[in-house]
Amino acid sequence: MKKDSSKDALDKNLKFMVLSSIILFVLFVYMMLKGDTRIVGVSYYFGLFFLIVLLFAAILLRMNKDKLKVYFDKKRAKSFSSIMEKTTSPQSSEIKVENSNIQAQTSNISFKDVAGIKEVKAELEEIVDFLNKPERYLKHGVKLPKGVLLVGPPGVGKTLMARAVAGEADVPFFYQSGASFVHIYVGMGAKKVRELFSAAKAKAPSVIFIDEIDAVGKKRVGGSNDERESTLNELLTQMDGFDGDSGVIVIAATNKIEILDEALLRAGRFDRRVHINLPNIEDRKDILDLYLKGKMNSLNINELASSTAGFSSASLATLINESLLNMIKRDDINICKEDIEIAKTKLEFGKKENKILDEEQKEILAIYQASKAFISKRQISLFQEGVSKCEIAYPSKKHLIKLLKEYLAGSIGIDIIKHEQYVVYVEDLKDADELAFRMTNEFKMATSVDDLLNEVKISLRNELYKNIDKINELKDIMIKNEIILKNEI
Ligand code: ADP
């Protein structure tokens, strides 16, 4: 998209230049013929000469654009390999390319095509910069993470983001889904992993993207699938086998980080993690703006963004597309509110995974998150999942109890305010159980898991009950802004 659009823009500019110079030229000749006295001095001739030179330069540049690109690409690849030769050992720079059917793709996506999720872009910008200007990092001996794990629900733009990294850096993009490594015959998946890495190294700098890595990277539970295990082992070996300066960045995507084998998350593998949540209200506005760009409509974007809480970015794209189909059916050229409503109904009934929140459901989630924000005293957005894990090297019992409270705050907060229990984030409850189990059995801080959990729940209930007005206030902020900032708690 990026290169095509820039090419289109160039062609358009060129057409404008040609047109305006023809008009100027005709005017000039006309005035000359009329013998207008205003045409005096050399400045007019100089202007005309300058115009012709400019036009000529533009045509020449346009004609050689592709050649110039090839020249610069070659120069970059050459400078990269020479830097590698200088900074890495001879063995590691030697790349053995296996015969394979794995082909690189060229990504035409840029960061401009990814709406919202600004923090995620900012996190990945460093990697783009490394791929663009490796010498800036390598001369200081800096090694970038080899693996970046994008964690988030389906349709939030993980694949799009990975393509955008490759597109921004203008490097080859190797796409594989985790499931494509899973074969019936032992060793086939591992071979494919080897081929993928060897092809990517040969084309370095490059980006490997492994979608749904859980298909191959699930936790190993004894005596299970030999083929999956050998594929995972190969993936681990390959990740270890190249240096952070090899110019290959591996990006992987998953919905659930908890089910991944810990070995994958260890230092030197996927040690950088970037969470992408469902889009918040501001992100949704940006996404809607992107998809409605250049399309006539009588929609109120603010209203539409606020009524689409729970939509993923992909569902928003589909919503606009479906609305356009309705508009065409009506034989109109203007998208109206009705088109959106019809499309929304279709989406709601079409796919089960579309968690579209009505006012009541949004309130439940808002109470859950408001209670969590109150206890953790941290900024939380409406769709943010989980609690930040324990980062302290030597946590105290007090600290761990606070963490337990953070896990349980949401459910208890809803119970207090709505006088009913709701299922929201089951993972939080599992995490609470796991922590209580460890505190009892490993850390010997309690005599029984149940007693510990009950004690924490009673104290949490009191704390939340005493501050019910504050939590209601936070809930209203959450419903309105879809985020609670630290200074609002
Ligand atoms: P994921 O990999 O997280 O499941 P994808 O990247 O495959 O999601 O997104 C599916 C589609 O949704 C994309 O091709 C794009 O059309 C749209 N999309 C997703 N996220 C965004 C975004 N942030 N901005 C614009 N479009 C998006």
Side-chain angles (χ1 to χ4, degrees), residues 1-2 4-5 105-125 127-128 147-168 173-180 207-217 249-257 259-260 270 273-295 301 304-305 308-325 343-344 347 350-356 381-385 482:
M1 221 180 285
K2 181 184 73 169
D4 284 351
S5 61
Q105 300 171 9
T106 317
S107 169
N108 293 327
I109 306 286
S110 76
F111 280 162
K112 269 204 263 90
D113 303 310
V114 186
I117 50 174
K118 293 188 187 76
E119 323 78 59
V120 179
K121 275 189 220 174
E123 286 237 25
L124 296 174
E125 241 149 33
I127 288 175
V128 171
V148 180
L149 191 63
L150 301 179
V151 187
V156 290
K158 299 184 291 297
T159 313
L160 191 72
M161 204 68 207
R163 280 189 197 282
V165 169
E168 283 284 333
F173 181 72
F174 290 87
Y175 174 94
Q176 284 297 314
S177 84
S180 77
V207 169
I208 292 181
F209 177 64
I210 306 175
D211 199 5
E212 294 177 8
I213 194 170
D214 20 317
V216 60
I249 299 281
V250 189
I251 304 180
T254 181
N255 294 345
K256 293 257 173 264
I257 195 168
I259 64 167
L260 287 187
F270 289 100
R273 277 151 241 176
V274 180
H275 288 263
I276 312 186
N277 294 310
L278 284 175
N280 63 28
I281 194 159
E282 287 306 319
D283 293 331
R284 294 202 298 276
K285 260 187 232 167
D286 288 347
I287 294 163
L288 288 168
D289 277 337
L290 178 78
Y291 286 103
L292 285 168
K293 203 167 158 194
K295 299 186 176 78
I301 301 289
L304 185 55
T308 43
F311 274 62
S312 68
S313 320
S315 322
L316 287 173
T318 317
L319 180 75
I320 300 301
N321 199 48
E322 285 286 340
S323 312
L324 280 166
L325 290 177
K344 242 194 219 173
L347 271 177
K351 279 190 189 162
K352 275 205 197 106
E353 71 253 33
N354 277 324
K355 246 198 296 174
I356 299 173
S381 67
L382 187 63
F383 297 106
Q384 196 170 321
E385 290 183 29
E482 294 190 14

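What you see is a predicted model, and the numbers here were worked out from it, not measured in a lab. Each ligand, and each atom within it, is numbered from 1 in the order the structure gives.
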Side-chain donor or acceptor of Arg273 paired with backbone N/O of Leu149 under 3.5 Å: no
Can you pull out the closest protein heavy atom to atom 2 (O) of ligand 1? Residue, atom name and distance to 0.1 Å, please. Thr159 OG1, 2.6 Å
Numbering as shown, the atoms of ligand 1 that approach Val114 to under 4.0 Å (heavy-atom distance): 23 (N), 24 (N)
Does any N/O atom on Ile117 come nearer than 3.5 Å to any N/O atom on ligand 1? no
Protein contact to atom 26 (N) of ligand 1 [nearest heavy atom, distance to 0.1 Å]: Tyr291 OH, 2.6 Å
Distance under 4.0 Å to a non-hydrogen atom of Pro154: what atoms of ligand 1 satisfy this? 4 (O)
List the steps, then state whether salt bridge (charged side-chain N to carboxylate O under 4.0 Å, His left out) holds for Arg163 with Asp113. CA-CA 10 Å; Arg163 280 189 197 282; Asp113 303 310; over 6 Å; no
Enumerate the atoms of ligand 1 whose separation from the nearest heavy atom of Asp113 is less than 4.0 angstrom. 24 (N), 25 (C)
How long is the straight-line distance from NZ of Lys293 back to CG of Leu288, given to the nearest 0.5 Å? 14.0 Å
Give the atoms of ligand 1, by number and element, whose distance to some non-hydrogen atom of Leu290 is under 4.0 Å. 25 (C)
For the OH atom of Tyr291 and the CG atom of Leu319, what is their distance to the nearest 0.5 Å? 12.0 Å
Protein contact of atom 6 (O) of ligand 1 - nearest heavy atom, named by residue and atom, plus distance: Leu160 N, 2.9 Å
Tell me whether the rings of Phe209 and Tyr175 are parallel (<30°), tilted (30 to 60°) or perpendicular (>60°). tilted
Would you check if there is a donor-acceptor pair between the side chains of Ser315 and Ser312 at a distance under 3.5 Å? yes
Could you walk me through whether Glu482 and Arg284 satisfy the salt bridge (charged side-chain N to carboxylate O under 4.0 Å, His left out) test, starting with their C-alpha distance in whole Å, then the side-chain angles of each, then the deciding distance to 0.1 Å, before giving a yes or no? CA-CA 11 Å; Glu482 294 190 14; Arg284 294 202 298 276; 2.5 Å; yes
Can you confirm whether more than 12 heavy atoms, excluding those of Glu322, are under 6.0 Å from its CD atom? yes
Considering Gly116, Ser313, Pro279, Ser315, which one's heavy-atom position lies nearest to atom 18 (N) of ligand 1? Ser313
Does Lys158 reach the main-chain N or O of Gly152 with its side chain, forming a donor-acceptor pair under 3.5 Å? yes
Name the closest protein heavy atom to atom 8 (O) of ligand 1, giving the residue it belongs to and the distance to 0.1 Å. Gly157 N, 3.3 Å
When you measure from atom 4 (O) of ligand 1 to each heavy atom in Ala314, Ala317, Gly155, which option holds the nearest one? Gly155
Does the N or O separation between Ala115 and ligand 1 drop below 3.5 Å for any pair? yes
Flag Val156 as yes when one of its N or O atoms lies below 3.5 Å from any N or O atom of ligand 1, and as no otherwise. yes
